[in-house]
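Step one of this worksheet: look at the structure below.
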Amino acid sequence: MNYWLLKTEPSAYSIDDLKRDKTTAWEGVRNYQARNFMQQMKKGDLCLFYHSSTEPVGVFGVAKVTKEAYPDASQFNKKDSHFDPKATKEKPIWFCPDITFVKKFKEPFLLTHIKADHALRGIMVAQQGSRLSVQPVSEMHFTYITKNA
DNA sequence: GCCAACGTTGGC
DNA sequence: GCCAACGTTGGC
């Protein structure tokens, strides 16, 4: 089993939205490195759910992968801001998994605390300029954050 | 709102 | 295939 971190701006889609929807297609990611990670996701993998560009910034809960990556429908939709004219149904470019709500933390594990905690040294999200919106997380770091949130 | 860090684009 | 210009991300 692998562990991941998914970034989202809560004004666009928050942990509460996921709690309400229960399951959602993780559409709209338009970065090749992030796409490649999403294609590696397996059913049952667990994801830290991270809020960015907000106050406060941090991990707000956990989601799990319930459907492995398949073509992202938004790339074909001209009216969608994530429309990609280079993509065709025969040769899709972008893929997304379905993720399902697992839990919302009572208290978020804030980025300031992640950065200050020696046990989390090396975690990608705390590294300078880490803009990747889908990241792998080590089992050790995943367990530490979920146990201590 | 600022701006540094980053990814992508496109001319050559 | 280089790399400058550009657009975007995201913490602060």
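To find a chain, count down the sequence lines: A is the first, B the second, and so on, and within it residues start at 1. Quick caveat: nothing in here was measured; it's all calculated off a predicted structure.
Taken residue by residue, residues 47-59 of chain A places heavy atoms nearer than 4.0 Å to DNA chain C at Tyr50(A), Ser52(A), Ser53(A), Val57(A). Taken residue by residue, residues 24-40 of chain A places no heavy atom nearer than 4.0 Å to DNA chain C.
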Applying side-chain contact (heavy atoms from CB on, under 4.5 Å), run through Phe105(A) and Val62(A) and close with a yes or a no.
CA-CA 8 Å; Phe105(A) 296 150; Val62(A) 176; 3.8 Å; yes

Given Asp98(A) and Tyr70(A), is the side-chain contact (heavy atoms from CB on, under 4.5 Å) satisfied, shown in steps?
CA-CA 9 Å; Asp98(A) 281 354; Tyr70(A) 58 94; 2.5 Å; yes

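Going from atom CD of Gln127(A) over to atom P of dG10(C) covers 15 Å, rounded to whole Å. Following rounding to the nearest Å, Gln135(A) (CD) and dG7(B) (P) show an atom-to-atom distance of 12 Å. Per the geometry, CD belonging to Gln128(A) stands 13 Å off P belonging to dG7(B), to the nearest Å. If you measure from atom CG of Leu132(A) to atom P of dT8(C), you get 18 Å, rounded to the nearest angstrom. One interatomic measurement links the two molecules: CH2 of Trp94(A) to C1' of dT8(B), which rounds to 10 Å at whole-angstrom precision. If you take CG of Leu6(A) and P of dG10(C), they are 12 Å apart, rounded to a whole angstrom.
Each of dG10(C), dC12(C), dT9(B) was ranked by its minimum atom distance to the side chain of Lys86(A); first place goes to dT9(B).
Pairs of residues two or more places apart, or lying in two chains, that qualify as ring-ring contact (aromatic ring centres under 6.0 Å, His included) and include a residue from residues 4-38 of chain A are Trp4(A)-Phe37(A), Trp26(A)-Phe49(A), Tyr32(A)-Trp94(A). Residue pairs meeting the salt bridge (Lys or Arg N to Asp or Glu O under 4.0 Å) criterion with at least one member in residues 19-42 of chain A, sequence neighbours excluded: Asp17(A)-Arg20(A), Arg30(A)-Asp72(A).
The distance from the CE atom of Met41(A) to the CD1 atom of Ile99(A) is 8.0 Å, given to the nearest 0.5 Å. Expressed to the nearest 0.5 Å, how far CG of Asp16(A) lies from CZ of Phe60(A) amounts to 9.5 Å.
Using a 4.0 Å cut-off, no side-chain N or O of Lys7(A) falls inside it from OP1 or OP2 of dT8(C).
Side-chain contact check for Thr54(A) and His51(A): no donor-acceptor pair (N or O, by modelled atom type) lies under 3.5 Å.
Under the ring-ring contact (aromatic ring centres under 6.0 Å, His included) criterion, Phe142(A) pairs with Tyr3(A), not counting sequence neighbours. Ala34(A) is linked by a side chain to side chain contact (heavy atoms under 4.5 Å, CB included) to Val29(A), Asn31(A), Leu132(A), Ser133(A), Val134(A), counting only residues two or more places apart in sequence or in another chain.
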